[in-house]
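FYI, the numbering just counts along the sequence from 1. None of these values were measured; they are calculated from a predicted model.
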Amino acid sequence: MKKSFILWLIVSVVIMLVLPWLAVTFVKGDGGMAVCFLLFFAINPLYSVIVGVYAGKDIRNLWSLPVLSAVFYLIGTWVFFEMSETAFILNALVYLVLGIVAMLVLAVVRKKAK
């Protein structure tokens, strides 16, 4: 289980830290804005749900994955965009809620299936 946790941690770092850096560094102008919208409103929420579903398979050991994913997002946006922007805090909270809800839904579904 530890190897899978580390793998998901690395994927979270790539999606939440490296992708914003790539968007800021290599895509300029209006294209950069479009890529950021794609990241913030499609890729990151979808990833938050996916990591929550995975964490729901073993909540006791993996509960921190949705939390770390949201924290990495907040760190990445503050470093590459603007520090302490409140919109990024709101986005991080939404990603956290998406991950936790997905985790709890899967846990309930698995419990009922038994």
For residues [X] and [Y], determine if any side-chain heavy atom of one lies less than 4.5 Å from a side-chain heavy atom of the other.
X: Phe26; Y: Val35; answer: no
X: Glu85; Y: Thr77; answer: no
X: Leu17; Y: Trp21; answer: no

With a 6.0 Å cut-off (strictly less than), is the heavy-atom count around NZ of Lys112, excluding the residue itself, greater than 12? no
Shared ILVMFWY cluster between [X] and [Y], side chains joined below 4.5 angstrom?
X: Val101; Y: Trp63; value: no
X: Val97; Y: Ile89; value: no
X: Val105; Y: Ile50; value: no
X: Leu96; Y: Leu104; value: yes

Got a sec, which pairs hit side chain to side chain donor-acceptor pair (under 3.5 Å) with one end in residues 87-99, sequence neighbours left out? Tyr73-Asn91
Value rounded to 0.5 Å, distance of CG in Asp58 from CZ in Arg110: 8.5 Å
Pairwise distance CG(Leu93) to CG(Leu74) - rounded to 0.5 angstrom: 8.5 Å
Minimum heavy-atom separation for Gly32 to Val27, with atom names? N-CG1, 3.1 Å
Tell me the closest heavy-atom pair linking Met103 and Ile59, and the distance in Å. CG-CG1, 3.7 Å
Can you name the side-chain hydrogen bond (donor to acceptor under 3.5 Å, both in side chains) partners of Thr86, sequence neighbours left out? none
Please set out all donor-acceptor pairs under 3.5 angstrom arising from side-chain atoms of residues 36-49, sequence neighbours excluded.
residue	atom	partner	partner atom	Å
Asn44	ND2	Leu39	O	3.3
Tyr47	OH	Trp8	O	3.4
Tyr47	OH	Ser12	N	3.3
Tyr47	OH	Ser12	OG	2.5
Ser48	OG	Asn44	O	3.0

Checking Lys57 against Leu62 for the side-chain contact (heavy atoms from CB on, under 4.5 Å) test, could you report, in this order, the C-alpha distance in whole Å, the side-chain angles of both residues, the deciding distance, and whether it holds? CA-CA 8 Å; Lys57 293 179 182 179; Leu62 301 174; 5.5 Å; no
